[in-house]
Amino acid sequence: DTGVSQNPRHKITKRGQNVTFRCDPISEHNRLYWYRQTLGQGPEFLTYFQNEAQLEKSRLLSDRFSAERPKGSFSTLEIQRTEQGDSAMYLCASSLDAWGSLNLNTEAFFGQGTRLTVV
Amino acid sequence: RKEVEQDPGPFNVPEGATVAFNCTYSNSASQSFFWYRQDCRKEPKLLMSVYSSGNEDGRFTAQLNRASQYISLLIRDSKLSDSATYLCVVTLPDNAGNMLTFGGGTRLMVKP
């Protein structure tokens with residue numbers, strides 16, 4: 001399978017615990033996005049990477065959230081001290097973009113997501 | 001105001017009907033535009049890009065109006081399998097290039 005892979009697919013955790021999700025993008029893709037989606041809403045941007053550099057982080061993202069992409073390949077998203085409001089589907093996407101280019105056909109491919117339930 | 005806005009629907013249409021969705025975006029510097037489709041409990045998938053001159057892919061037609069800052073998607077001869085949520089996506093300029101921003105989605109239900 002050469003698509004975007006996310007692990008785990010499901011995670012149930014108790015409030016206050018830390019959780020970490022992993023995303024493996026399509027191998028040649030240099031851009032990697034994290035989104036959060038709740039029922040009935042569109043994906044909400046969290047952060048993204050160009051290679052290993054984290055370029056943008058949503059202002060809605062609290063300090064409890066951190067993401068890394070240490071070697072420019074896979075990425076991890078950690079949520080510390082989880083709250084019930086963190087329950088959502090966490091989606092990862094990757095695309096092939098040149099730095100600063102007007103790439104008019106930038107298709108992002110999504111993984112199947114990690115569904116987090118905080119109890 | 002949200003950067004990308006869509007009517008959440010649902011749009012309930014019979015098979016064979018023609019249905020149209022609109023999407024508005026707030027940033028006039030937006031550069032690229034897409035429609036994604038998301039089935040229930042699945043990940044979003046690209047349906048089609050939206051070009052300035054408008055483009056068609058089978059039963060689907062997408063149009064862009066930069067002056068009014070809206071994008072449309074027209075589906076002709078609706079099929080049951082078209083039932084899904086349609087997400088409008090805009091790339092917003094940021095320091096490094098273009099960042100994908102999603103609308104809230106429009107839900108379509110096609111009924112026999």
Side-chain angles (χ1 to χ4, degrees), chain A residues 1 3-6 9-10 23 25-26 29-60 88-115, chain B residues 2-10 21 23-25 27 29-53 55 57 62 64 66 71 84-107 109:
Chain A
D1 184 358
V4 178
S5 176
Q6 291 188 246
R9 292 287 309 278
H10 304 272
C23 172
I26 293 172
H29 284 185
N30 52 2
R31 187 166 280 203
L32 185 148
Y33 298 84
W34 284 100
Y35 288 86
R36 176 172 63 190
Q37 188 173 27
T38 53
L39 194 63
Q41 303 296 316
E44 176 188 34
F45 170 76
L46 295 178
T47 188
Y48 80 91
F49 295 83
Q50 181 89 9
N51 298 312
E52 66 275 9
Q54 187 172 15
L55 297 182
E56 194 83 13
K57 189 174 176 181
S58 170
R59 284 168 288 180
L60 301 175
M89 174 72 85
Y90 289 83
L91 292 164
C92 174
S94 71
S95 67
L96 183 62
D97 290 331
W99 179 274
S101 75
L102 294 178
N103 190 336
L104 299 180
N105 290 295
T106 307
E107 178 177 359
F109 294 84
F110 281 82
Q112 292 182 302
T114 294
R115 184 171 295 282
Chain B
K2 290 184 179 179
E3 290 169 329
V4 182
E5 293 203 71
Q6 298 181 248
D7 181 342
F21 311 135
C23 163
T24 59
Y25 60 95
N27 191 325
S30 299
Q31 294 167 335
S32 299
F33 309 89
F34 308 91
W35 284 101
Y36 275 69
R37 170 190 168 132
Q38 187 172 28
D39 293 298
C40 188
R41 296 188 175 275
K42 298 287 187 181
E43 72 275 22
K45 293 184 179 178
L46 179 67
L47 177 66
M48 59 196 303
S49 302
V50 185
Y51 302 124
S52 297
S53 56
N55 50 299
D57 182 1
L64 168 64
R66 285 190 184 269
I71 308 146
T85 296
Y86 291 83
L87 298 161
C88 174
V89 184
V90 171
T91 61
L92 300 178
D94 64 304
N95 291 334
N98 301 306
M99 190 175 77
L100 293 173
T101 299
F102 285 77
T106 298
R107 189 176 172 198
M109 297 181 69

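A note on names: the letters A, B, ... follow the listed sequences, proteins ahead of strands, and every chain is numbered from 1.
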Flag yes if more than 12 heavy atoms outside B/Lys45 fall under 6.0 Å of its NZ atom; otherwise flag no.
no
For B/Ala84, what residues pass the side chain to side chain contact (heavy atoms under 4.5 Å, CB included) criterion, not counting sequence neighbours?
B/Arg37, B/Asp39, B/Tyr86
With B/Phe102 as reference, evaluate B/Val89, B/Val4, B/Val90 under the side-chain contact (heavy atoms from CB on, under 4.5 Å) test and give the passing residue.
B/Val89
Side chain, backbone, both or neither: which part of B/Pro8 has a non-hydrogen atom closer than 4.5 Å to chain A?
neither
Side chain, backbone, both or neither: which part of A/Gln37 has a non-hydrogen atom closer than 4.5 Å to chain B?
side chain
Using non-hydrogen atoms only, which part of B/Gln6 is less than 4.5 Å away from chain A: side chain, backbone, both, or neither?
neither
Atom CZ of B/Arg107 with >12 non-hydrogen neighbours under 6.0 angstrom
no
